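Report on the following structure.
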Amino acid sequence: MGASPLVLRSAVDNKGPMTLNKALFAALACAVALPVSAQGVLPQTTPIALDQSSDNETIVGDLIYRGGVIVEPGEQEIGGISSLEWADDKLFAVTDDGRWLIMTPDELDGRLVDIIDIQSGPLRSTKGKRLKGKDEADSEALTRADDGSWLVAFEHDHRIWRYPDLDGDAQETDLAISDLAFDAADNSGMETLTQSTEGLLACGEWTGSDMPNCMRERGGGLVSFEVSPPAPLDERRGVPTDADCASDGTCYILFRSYSPDQGNAAAIIALSSANEAIPLAIMLPPLTLDNFEGLTVREEYGRTFLYLASDNNFSDRQRTLVMKFEVQSARKDIVLPPPPSTEIDSAVYETVLVVIETTLGEITVALETERAPITASNFLRYADEDRFDGTVFYRAMRLNRDPRPNGLIQGGTQWDPKRILAGIAHEPTSITGLSHTSGALSMAMGEPGTANGDFSIMLQDQVGLDAQPDSDEPVWKNGYAVFGYVTEGMDVVTAIHSAKVDPDKGEGWMKGQMIADPVTIIDVRRVSPSGD
């Protein structure tokens, strides 16, 4: 969803800036319906490079590195991740001590920069009891079924259980694909389980035996086949540890190997619907490696991303890594759907031109004094009284979607008591007929009646910020007030948007969106009719 990027500030407690994104994060958490028994934690993380010896190394095989972090165990002993699944804009996982995790990633320009929240809780038996001991609790594979329930595969006591909700009771299944692990060793059972376009796909933690290591549903039956790791993992006894499938039927399988002499190694292959395996990446030292056991697919705007997670085995000698990659060969050139169409309005409305002069150039704006008279008049008063002069554009919010660049810039008085005026009445787009299209100016606010001297400029259409009168959420019901459009100087808007940001500044979802060297607004003035 298009989370609102506009800053919310409090005039009541005066404890500094709050962000609407924090409120939106809470709303999103509710929308995902987090389990009621979840225990939340703000994890400690450290960014990591793909190659510790070279910060510039970003490509391995067919994969482009899109950021990653080390997650510290902390008092909650975060770790043991044995499988991943991307759902509801979060990373779901199970662990080899019988727990589930829900991780909320924080991303900037498509790069994974942080894990900002982890929810966790115990997996339960069919009788509602917490799983205990290795025989019961060794959950190794996770996938979401077509009906929204979760399937979890376990080792030792080889089985697949269904969970309508992760924090609820398990249900026994009689899935035929469970036969894959019928004769498997206690600690070498079903390591991968995923939903493909044809049905379930599963792989066991072995290769090169008389028993094929993979099985998939096809045509109402089961097909067994062998998937071998690419060299050199074939000589290092590499085994499948997780898999996930894309919407085009391609399935991605993660292999890992470890030996005390050679350390960790990993590989990822793409498996076609015809069971043809194509190596995508071989990961060997000096690349950043650990005991990778989790892989999941995320598809967005014609791009395919893979998230990997490692199992630290609750050992000080291993780490929990979460890393993101893009599959280069899977990138598609797509045409985004147009924004919702509205009836063309051929009427001419009264506007007033103003120039926003910045250190990077001038931006000319037509203020909608007829259709948004309250908001436009407020902006003009700030301009006429020189309240904007010397303020800055301080924020560049960047959206990872086409067309690019995408997002918005934000500037203004930043709740400076010497500059701000009283808040103004809200003029929703459902009344004014205006919209957050490319070049639109929109007021920042917390709730209706609080907008004063901060505003944003859209780089592309962001119509999700328009008022949605039928919404049950007040934020979206009211939307934000558009009051003008850029007529000249979008190149300056783009230049401000591309300014370097400080990765450590900002709160919550705004972290990493604050411009390191804010762009000064020198003057905001009306354009005289003669153009002088």
Side-chain angles (χ1 to χ4, degrees), residues 82-85 94 96 138-147 149-162 171-257 266-280 282 292-297 306:
S82 54
S83 186
L84 281 182
E85 182 81 353
V94 291
D96 49 22
D138 193 3
S139 53
E140 292 291 342
L142 172 73
T143 192
R144 199 168 196 178
D146 290 336
D147 63 1
S149 65
W150 299 90
L151 296 176
V152 179
F154 295 83
E155 282 187 336
H156 293 274
D157 179 6
H158 301 302
R159 66 197 187 278
I160 299 175
W161 275 352
R162 184 185 302 276
Q171 299 174 352
E172 293 184 353
T173 69
D174 57 357
L175 297 171
I177 205 165
S178 299
D179 290 346
L180 173 69
F182 179 74
D183 284 330
D186 286 353
N187 198 36
S188 297
M190 190 179 297
E191 283 280 329
T192 81
L193 180 66
T194 185
Q195 189 80 32
S196 74
T197 53
E198 297 179 284
L200 291 172
L201 166 69
C203 293
E205 193 180 5
W206 65 84
T207 56
S209 72
D210 294 336
M211 183 171 59
N213 63 354
C214 291
M215 181 182 289
R216 72 189 311 166
E217 295 177 339
R218 174 168 291 160
L222 292 174
V223 176
S224 297
F225 58 100
E226 180 78 12
V227 178
S228 300
L233 271 74
D234 56 348
E235 298 178 352
R236 299 188 183 191
R237 298 182 179 180
V239 293
T241 55
D242 207 3
D244 199 6
C245 299
S247 59
D248 65 358
T250 303
C251 296
Y252 299 90
I253 300 179
L254 170 67
F255 287 83
R256 66 97 195 272
S257 72
I268 299 172
I269 63 116
L271 186 74
S272 71
S273 58
N275 295 337
E276 297 172 338
I278 301 173
L280 293 186
I282 313 297
F292 285 123
E293 288 202 22
L295 175 148
T296 189
V297 173
L306 304 180

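Keep in mind the model is a prediction, meaning the values are calculated, not measured.
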Salt bridge (Lys or Arg N to Asp or Glu O under 4.0 Å) contacts in which one or both residues fall within residues 266-275, not counting sequence neighbours: none

Partners passing side-chain hydrogen bond (donor to acceptor under 3.5 Å, both in side chains) against [X] (at least two apart in sequence or in another chain):
X: Glu217; result: none
X: Ser82; result: none
X: Ser83; result: Asp242
X: Asp147; result: Ser149

Those residues that, when tested against Trp150, pass ring pair (Phe, Tyr, Trp, His ring centres under 6.0 Å) (two or more places apart): Phe92

With Phe154 via ring pair (Phe, Tyr, Trp, His ring centres under 6.0 Å) - residues at least two apart: Trp161

Side chain to side chain donor-acceptor pair (under 3.5 Å), paired with Asp244, selected from Thr296, Thr192, Thr143, Thr250: Thr296

Residue pairs, two or more places apart or on separate chains, that pass side-chain hydrogen bond (donor to acceptor under 3.5 Å, both in side chains) and touch residues 218-234: Glu198-Arg218

All pairs passing side-chain hydrogen bond (donor to acceptor under 3.5 Å, both in side chains) where residues 205-214 contributes a residue, at least two apart: Glu205-Arg256

Residue pairs passing the disulfide (SG to SG under 2.5 Å) test where at least one lies in residues 181-217, sequence neighbours excluded: Cys203-Cys214

Any residue meeting salt bridge (Lys or Arg N to Asp or Glu O under 4.0 Å) with Arg237, in chain and number order, not counting sequence neighbours: none

Under the salt bridge (Lys or Arg N to Asp or Glu O under 4.0 Å) test, residues paired with Asp157 that sit two or more places apart: Arg159

